[in-house]
Amino acid sequence: MALLMEKGSEPQTESERADLDAIAALKENTAIELKDKGNEYVKMGKKHFADAIDCYTRAINQQALSDSDTSILFSNRAHVNLLLGNYRRALTDAEDAIKLCSTNVKALYRAAKASFALNLLPESTLHCQNGIKHDPSNEELKKLLRQIESKKMENQQREAQVSKAISGAKDLVSAIESRGLKIGKAMYQELTGLRKPVLDKNNILHWPVLLLYAEVMSSDFIEDFSSNAFGYTCILWFPELSNMFSESCKPLSWDQEHNYTREAVELYYEAGSGVSLSTTKILRCLLEGTEASHVENIGVEENDANENSNGGSSAGKGSSRWVKVNEKRTLHDVLKEPNFVIPGIPVFFVVSKRSSFYKEFKAGKWAPPP
């Protein structure tokens, strides 16, 4: 019997040759039936895709069809894997189909689609071009090629935006460090969001500034405060804030006793309130919310060795050290104070000498909520 013959041996008799021919025919018929059944499963919808893959796999394993027909089986399985989102498997199947039959246009199209889904744009382009070479009028391949070109342009634009964001952030870090400023972990982001300083073309730093009314933990925001050493004298003389406390301005909604006037208001910052971040961590913070926020390699060596504690932490209630801001000094000079660690952006606490809260604040009995 041919079934009992050793592997690799040649049939010696007519009977053995007939048996082998019968087995080959049986396997070929089985493969064709499995292929047709797989096609039917595909038409039945997603619930039957796994059955379709199983049929195509069993048909391939018969090893009974010609290269061109087996190429179709791999291409069909690639099609189902594409529909399931198994792009890597789809690409492998499509490439196996192409190896068996380089003119299989459907396999070339599916290889192009899988490559495109995996963002392998050069490979996707090559498969499209090969497909069009064999079928110049194939509109699906032409459409996909246009999508690839569009995606390439999007990637180039994104790369340019990433590069610009990183370059801008590095310039900003350099400006901050050259001025001797210290940046710590961002605080009160529920109020500030992702606001960051801006460095203009004249190398002047513009800071968004958060004002917190310690008595009620209400807040105001100054979007753009120039920290040029030759700019405004101090934050309290900044036009927006001066107007806020002028006699002509309506009192703050919670200031029923009108304690917060220009003459009564004092400004403080919290000294020794944290750790100054390393250059790398500052850069990471500045890149938050930009195109480069998830980029792993930003061209700066990771090094936390230059993170320094500045006067200790203000973890415990009453342990904060409040430093009154001298109105005659510039914001630039205030931020340069050795004990001022900027919590992402400058934060100043506003209190009124007329308020009963003032004594509690000055006595160190108040601390901001955690």
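Quick caveat, the model's predicted, so the values are computed rather than measured.
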Lys185/Val275 under side chain to side chain contact (heavy atoms under 4.5 Å, CB included): CA gap, chis, key distance, verdict: CA-CA 7 Å; Lys185 181 180 178 182; Val275 174; over 6 Å; no

Criterion side chain to side chain contact (heavy atoms under 4.5 Å, CB included) on Ile98 and Asn130, from CA distance to verdict: CA-CA 11 Å; Ile98 295 165; Asn130 287 336; over 6 Å; no

Test log, rule side chain to side chain donor-acceptor pair (under 3.5 Å), inputs Glu177 and Thr279: CA-CA 9 Å; Glu177 292 182 340; Thr279 298; 2.6 Å; yes

Residue pair Val323, Tyr268: steps toward the side chain to side chain contact (heavy atoms under 4.5 Å, CB included) verdict: CA-CA 5 Å; Val323 178; Tyr268 292 80; 5.8 Å; no

Stepwise side chain to side chain donor-acceptor pair (under 3.5 Å) check, Glu190 with Tyr188: CA-CA 5 Å; Glu190 69 278 8; Tyr188 310 109; over 6 Å; no

Thr330 and Asp333: CA distance, side-chain angles, deciding distance, side chain to side chain donor-acceptor pair (under 3.5 Å) verdict: CA-CA 5 Å; Thr330 66; Asp333 288 337; 3.3 Å; yes

Side chain to side chain contact (heavy atoms under 4.5 Å, CB included) evaluation trace for Gln129 with Ile132: CA-CA 5 Å; Gln129 290 172 341; Ile132 292 171; 5.9 Å; no

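Other residues, nucleotides and ligands place no more than 12 heavy atoms under 6.0 Å from the NZ atom of Lys151. More than 12 heavy atoms of other residues, nucleotides or ligands lie within 6.0 Å of NZ in Lys196, so this atom counts as buried by the packing criterion. A 6.0 Å sphere centred on CD of Gln63 holds no more than 12 heavy atoms belonging to other residues, nucleotides or ligands. For CD of Glu257, the number of neighbouring non-hydrogen atoms (other residues, nucleotides, ligands) closer than 6.0 Å is 12 at most. In the displayed structure, Lys37 atom NZ is contacted under 6.0 Å by at most 12 heavy atoms of other residues, nucleotides or ligands.
Using a distance-only test at 3.5 Å, with no hydrogens or angles considered, a donor-acceptor pair links the side chain of Asn104 to the main chain of Lys106. In this structure, Arg284 contributes its side chain and Thr280 its backbone to no donor-acceptor pair below 3.5 Å. Listed for the Asp255 side chain is a donor-acceptor partner under 3.5 Å among the backbone atoms of Tyr260. When atom types are taken as modelled, the side chain of Lys353 and the backbone of Ala264 share no donor-acceptor pair closer than 3.5 angstrom. Between the Ser293 side chain and the Glu288 main chain, no donor and acceptor come within less than 3.5 Å of each other. Side-chain atoms of Thr125 come within 3.5 Å of backbone atoms of Leu121 as a donor-acceptor pair (strictly under, hydrogens ignored). Counting only distance, with no hydrogens or angles, the side chain of Arg110 and the backbone of Ser75 share a donor-acceptor pair below 3.5 Å. Checking side-chain atoms of Thr290 against main-chain N and O of Leu287 turns up a donor-acceptor pair under 3.5 Å.
The two residues Ala107 and Ala94 come nearest to each other via the heavy atoms O-CB, 3.6 Å. Contact record, Ile148 with Cys128: CD1-SG, 3.8 Å, taken as the closest heavy-atom pair. In plain terms, the two heavy atoms of Ser178 and Ala175 that are nearest each other are OG-O, 3.0 Å. Across Pro208 and His206, no two heavy atoms sit closer than the pair CD-O, 3.8 Å. The shortest heavy-atom contact between Leu108 and Ser102 is CD1-O, 3.7 Å. Heavy-atom minimum distance, Leu283 versus Ala169: CD1-CB, 3.3 Å.
Leu91 and Leu100 fall into different hydrophobic clusters, where Ile, Leu, Val, Met, Phe, Trp and Tyr residues are linked whenever their side-chain heavy atoms come under 4.5 Å apart, directly or through other members. One hydrophobic cluster, built from ILVMFWY side chains closer than 4.5 Å, holds both Val265 and Ile222. A single hydrophobic cluster is not seen to contain both Leu126 and Leu118; linkage of ILVMFWY side chains at heavy-atom distances under 4.5 Å, directly or through other members, places them apart. Val209 and Leu172 fall within the same hydrophobic cluster, defined by Ile, Leu, Val, Met, Phe, Trp and Tyr side-chain heavy atoms under 4.5 Å apart, directly or through other members. The cluster map of Ile, Leu, Val, Met, Phe, Trp and Tyr, joined by side-chain heavy atoms under 4.5 Å apart, puts Leu194 and Ile345 in different clusters.
Thr30 and Gln62 form no side-chain donor-acceptor contact under 3.5 Å, judged by distance and modelled atom types alone. Judged by distance alone, the side chains of Ser124 and Lys113 never bring a donor and an acceptor atom under 3.5 Å apart. Between Ser174 and Asp171, the side chains place no donor N or O within less than 3.5 Å of an acceptor N or O (distance only, hydrogens not considered).
A salt bridge does not link Arg146 with Glu149: none of the charged nitrogens is closer than 4.0 Å to a carboxylate oxygen. Salt bridge absent: Arg321 and Glu270 never bring a charged side-chain N and a carboxylate O closer than 4.0 Å. Ionic pairing of Glu223 and Arg195 is present here: one or more N-O contacts between side-chain nitrogen and carboxylate oxygen are shorter than 4.0 angstrom. A salt bridge is absent between Arg89 and Asp93: the closest approach of a Lys/Arg side-chain nitrogen to an acidic carboxylate oxygen does not fall below 4.0 angstrom.
Ser219 is listed as a side-chain neighbour of Leu191, based on a closest heavy-atom distance under 4.5 Å. Here the side chains of Pro368 and Leu212 are not in contact, with every heavy-atom distance at 4.5 Å or above.
Taking CG of Leu65 as the reference point, atom CG of Leu73 lies at 6.0 Å (rounded to 0.5 Å). Going from atom CD of Glu33 over to atom SG of Cys55 covers 11.0 Å, rounded to the nearest 0.5 Å. Distance check, rounded to the nearest 0.5 Å: CZ of Phe357 to CG of Asn259 gives 12.0 Å. Between Ile183 atom CD1 and Ile342 atom CD1 the span is 4.0 Å, to the nearest 0.5 Å. How far CG of Leu34 is from CD1 of Ile60: 10.5 Å, rounded to the nearest 0.5 Å. Distance check, rounded to the nearest 0.5 Å: CD1 of Ile298 to OG of Ser167 gives 12.5 Å.
Between Tyr269 and Phe340, the angle of the ring planes stays under 30°, which puts this pair in the parallel group of the 30/60° scheme.
Ring centroids of Trp366 and Tyr358 are separated by 6.0 Å or more, keeping the two rings apart. No close placement of the Phe349 and Phe361 rings is indicated, their centers lying 6.0 Å or farther apart.
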List the atom pairs, donor and acceptor, that lie under 3.5 Å between side-chain atoms in residues 135-145 and the rest of the protein, sequence neighbours left out.
unit_1 : atom_1 : unit_2 : atom_2 : d
Asp135 : OD1    : Ser137 : OG     : 3.3
Asp135 : OD2    : Asn138 : ND2    : 3.2
Asn138 : OD1    : Glu140 : N      : 3.1
Asn138 : OD1    : Leu141 : N      : 3.0
Lys142 : NZ     : Pro136 : O      : 3.0

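Of the candidates Asn86, Thr92, Thr57, Thr57 is the only one forming a side chain to side chain donor-acceptor pair (under 3.5 Å) with Arg77.
Residue pairs satisfying the ring pair (Phe, Tyr, Trp, His ring centres under 6.0 Å) criterion with at least one member in residues 42-62, sequence neighbours excluded, are listed as follows: Tyr41-His48.
Residues passing the ring-ring contact (aromatic ring centres under 6.0 Å, His included) test with Phe116: none are found, sequence neighbours excluded.
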